[in-house]
Amino acid sequence: MSFPLLTAAAAVPAIGAVATAAVPAAKRTAAKWLALLFSLATLALALVIAVRFDPGAKGPFQLTESHAWIADFGVRYELGVDGIAVALIALTALLIPFVILASWHDADALEADNSNRRWRPTQGFFALILAVEAMVIISFEATDVFVFYIFFEAMLIPMYFLIGGFGDRADGRDAAESASRRSSAAVKFLLYNLAGGLIMLAAVIGLYAVTADQLGTGTFSLQQIVQARAAGDLTMGAGTERLLFLGFFFAFAVKAPLWPLHTWLPGAMGESTAPVAVLITAVVDKVGTFAMLRFCLQLFPEASKWATPVVLVLALVSILYGALLAVAQKDIKRLVAYASISHFGFIILGIFAMTSQGQGGATLYMVNHGISTAALMLVAGFLITRRGSRLIADYGGVQKVAPVLAGTFLIGGLATLSLPGLAPFVSEFLVLVGTFSRYPVIGIIATVGIVLAALYVLVLYQRTMTGPVKAEVRAMPDLKARELVVMAPLIALLLFLGVYPKPLTNLVNPAVDHTLSVVDQQDPKPDVRVNAVPNEPGTDRDAEAAK
């Protein structure tokens with residue numbers, strides 16, 4: 001039997017979480033280094049997966065693993081990756097080491113205040129980060145719906161504790177008030193996502209009942225269900241398929257997050273530390289948009305087409321609503337949160353445009369948004385830690401005292417507004433082109449989000465980095481070596497993928513083509529009209545006009 005590479009990629013951070021949690025209380029630094037080493041080992045495995053994956057190979061999934069698990073209920077431990085999953089696994093494995101490095105001292109204050117020595121905040125904090133990584137990776141790998149559902153829900157538990165127990169303390173508020181807000185944000189995050197998960201569970205059970213009725217044996221296997229539908233062995237009534245689609249889509253729209261199910265995100269990101277905020281929006285939320293491509297479109301193709309007009313309108317509202325609220329924010333982290341809502345609107349718009357450009361751009365957007373948001377939010381976290389405030393009004397003139405910090409902040413911001421030459425521009429351009437080719441009015445209106453993005457990013461930079469130097473930031477230090485190690489690779493990736501996105505497009509395009517074939521959609525043909533110009537009869541130009 002070949003080496004179970006996909007299982008190993010998820011098992012390594014899970015083992016790392018247990019090992020980090022078990023480090024003795026006095027060995028805090030050792031716990032940090034151990035967590036970092038396990039995250040780097042996971043990154044190495046993700047790179048091996050990317051190298052071994054062949055974009056030109058036949059079949060939707062590669063590196064597959066399949067083992068009986070709960071045979072009486074048709075549950076199998078099935079894993080497999082397509083190009084989209086490989087890209088997102090690589091993104092996750094890449095970001096986690098930077099999240100750990102950026103969080104190096106985030107639990108130190110809790111250690112100082114801790115009177116109960118049986119509680120080890122540092123070990124617990126880094127163990128929870130690795131646990132989230134393990135669950136996200138296996139969610140990208142799962143091709144059994146039930147296996148996916150288990151880890152889709154399980155990742156909420158470590159995220160709840162990261163938000164509520166290790167949230168932002170550099171907010172200038174009373175300690176009791178700060179703890180109360182962190183707790184409220186964590187509970188809201190959990191309740192919203194649990195509600196979506198419970199509705200999805202009902203749909204998962206319904207899917208099993210349909211397969212058991214028509215195939216004789218119930219199954220949760222994505223490949224088996226798709227193949228049975230293609231062969232005509234499995235058919236769903238329109239009403240049944242639509243209800244099941246809505247059950248899945250609701251859970252994914254909460255996770256994504258899509259307006260109006262987005263309201264948990266600004267609080268969760270605002271009350272988290274900056275690295276945990278990156279974990280939420282750059283890693284965990286991507287599971288929602290990924291699952292729309294893998295499960296909603298492939299399991300319920302007809303219902304997906306039926307729901308497309310409404311989903312496109314909701315995505316358009318998310319784009320404009322998120323951008324407008326980002327313009328109005330006074331809190332740096334909440335501004336980035338609302339900007340992310342706008343960006344997720346673009347991703348969902350590309351997915352449901354049902355074109356190769358749109359879905360390819362949406363997949364690239366997931367990767368590029370993860371990198372750009374990580375760059376902006378992490379450098380914003382470094383800024384907030386120095387000043388002790390998240391309010392934009394408390395800053396001014398930072399570029400004069402910390403020019404490297406200001407420069408990285410600017411590049412992260414320019415990537416967020418999708419400046420040409422930086423990675424998000426390519427994905428946003430493809431989404432808009434793919435949308436315009438089928439829904440021109442929606443594509444035109446969506447471009448307003450680009451204008452608003454330029455507004456909130458440039459105003460943020462102007463108010464924090466330029467102008468007179470405020471007394472509170474006059475002694476602010478520039479980025480340190482550890483922080484430069486975090487920021488430099490992210491900036492380099494934004495530049496590289498902005499100039500040369502071909503490695504990513506080659507990776508994801510076959511998977512996008514497969515998804516469109518399952519949904520039975522083709523790119524619309526361009527409307528080409530030849531205007532006949534009067535000319536002498538029998539000339540070549542008349543023949544071309546006639547054609």
Side-chain angles (χ1 to χ4, degrees), residues 60-61 80 82 84-85 88 139-140 142-149 151-153 193 196-208 210-211 220-230 234 236-259 261 285-315 318 344-356 358-360 362-363 365-366 431 434-435 508 511-521:
F61 300 111
D82 57 10
I84 299 171
L88 292 175
S139 296
F140 291 142
T143 57
D144 184 280
V145 176
F146 192 79
V147 173
F148 170 83
Y149 173 76
F151 293 99
F152 179 80
E153 288 291 275
N193 284 275
L198 289 174
I199 293 174
M200 180 183 170
L201 178 60
V204 169
I205 296 171
L207 179 65
Y208 177 83
V210 170
T211 59
F220 295 104
S221 171
L222 173 65
Q223 294 187 76
Q224 187 176 345
I225 294 171
V226 170
Q227 290 169 1
R229 291 198 63 145
L234 176 64
M236 298 183 192
T240 300
E241 183 174 346
R242 291 172 184 179
L243 285 174
L244 294 178
F245 167 85
L246 290 174
F248 278 73
F249 181 79
F250 183 84
F252 303 151
V254 172
K255 184 84 78 179
L258 177 68
W259 183 92
L261 305 172
D285 288 354
K286 298 298 187 298
V287 178
T289 48
F290 164 80
M292 291 179 188
L293 275 168
R294 173 166 284 190
F295 295 107
C296 282
L297 268 61
Q298 297 192 42
L299 290 174
F300 316 110
E302 296 303 319
S304 297
K305 289 185 280 189
W306 163 76
T308 289
V310 175
V311 176
L312 290 177
V313 170
L314 293 178
S318 288
F344 275 102
F346 277 109
I347 294 171
I348 297 171
L349 187 71
I351 291 172
F352 282 86
M354 301 289 186
T355 61
S356 59
Q359 290 191 358
T363 304
Y365 215 133
M366 292 185 221
V431 166
T435 303
V508 305
V512 167
D513 292 340
H514 170 74
T515 302
L516 288 174
S517 68
V518 171
V519 187
D520 192 23
Q521 288 279 27

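On a predicted model such as this, the values are computed, not experimentally measured, just so you know. Just so it is clear, the values below take in all heavy atoms, side chains as well, and ignore hydrogens, waters and symmetry mates.
Counting heavy atoms from C-beta on, the side chains of Ser304 and Gln298 never come closer than 4.5 Å. Within the 4.5 Å cutoff, the side chain of Thr515 has heavy atoms near those of the Gln359 side chain. Using a 4.5 Å heavy-atom cutoff, the side chains of Leu312 and Leu349 are in contact. Between Thr211 and Phe220, the closest side-chain pair of non-hydrogen atoms is not below 4.5 Å. No side-chain heavy atom of Met200 sits less than 4.5 Å from a side-chain heavy atom of Phe250. Proximity of Leu299 to Val145: side-chain heavy atoms (C-beta onward) are separated by under 4.5 Å at one or more points. For the pair Tyr365/Thr289, no side-chain contact is recorded, criterion being any heavy-atom separation below 4.5 Å from C-beta on. No side-chain heavy atom of Arg229 sits less than 4.5 Å from a side-chain heavy atom of Val518.
One finds the CE atom of Met366 at 4.5 Å from the CD1 atom of Ile351 (value rounded to the nearest 0.5 Å). To the nearest 0.5 Å, atoms CG (Asp285) and CG (Asn193) are separated by 8.0 Å. With rounding to the nearest 0.5 angstrom, the CG atom of Leu293 is 9.0 Å from the CG atom of Leu516. Summarising the geometry, atom OG1 belonging to Thr435 is positioned 12.0 Å from atom CZ belonging to Phe352; distances are rounded to the nearest 0.5 Å. Atom CG of residue Leu234 and atom CD of residue Gln224 lie 9.5 Å apart, to the nearest 0.5 angstrom. Taking CG of Leu244 as the reference point, atom CD1 of Ile205 lies at 11.5 Å (rounded to 0.5 Å).
Across Val147 and Ala142, no two heavy atoms sit closer than the pair CG1-CB, 4.0 Å. The two residues Leu207 and Phe300 come nearest to each other via the heavy atoms CD1-CE2, 4.2 Å. Contact record, Val204 with Phe248: CG2-CZ, 3.8 Å, taken as the closest heavy-atom pair. Closest approach of Ile348 and Ala256 over heavy atoms only: CD1-CB, 4.0 Å. Closest non-hydrogen pair, Arg294 versus Ala85, comes out as NH2-CB, 3.8 Å. Here the shortest heavy-atom pairing between Ser356 and Asp513 reads CB-OD1, 4.2 Å.
Judged by distance alone, the side chain of Ser318 and the main-chain N or O of Trp259 form a donor-acceptor pair under 3.5 Å. Distance alone, capped at 3.5 Å, is enough to place a donor-acceptor pair between the Lys305 side chain and the Val519 backbone. Although no hydrogens or angles enter the test, the distance criterion places no donor-acceptor pair under 3.5 Å between the side chain of Arg242 and the main chain of Ala307.
Ring pair Phe148/Phe295 is tilted by interplanar angle, where 30° to 60° counts as tilted.
Proximity of the aromatic rings of Phe152 and Phe252 is defined here by a centroid distance below 6.0 angstrom, and this criterion is met.
Summarising the local packing, CZ of Phe146 is surrounded by 12 or fewer heavy atoms from other residues, nucleotides or ligands at distances under 6.0 Å.
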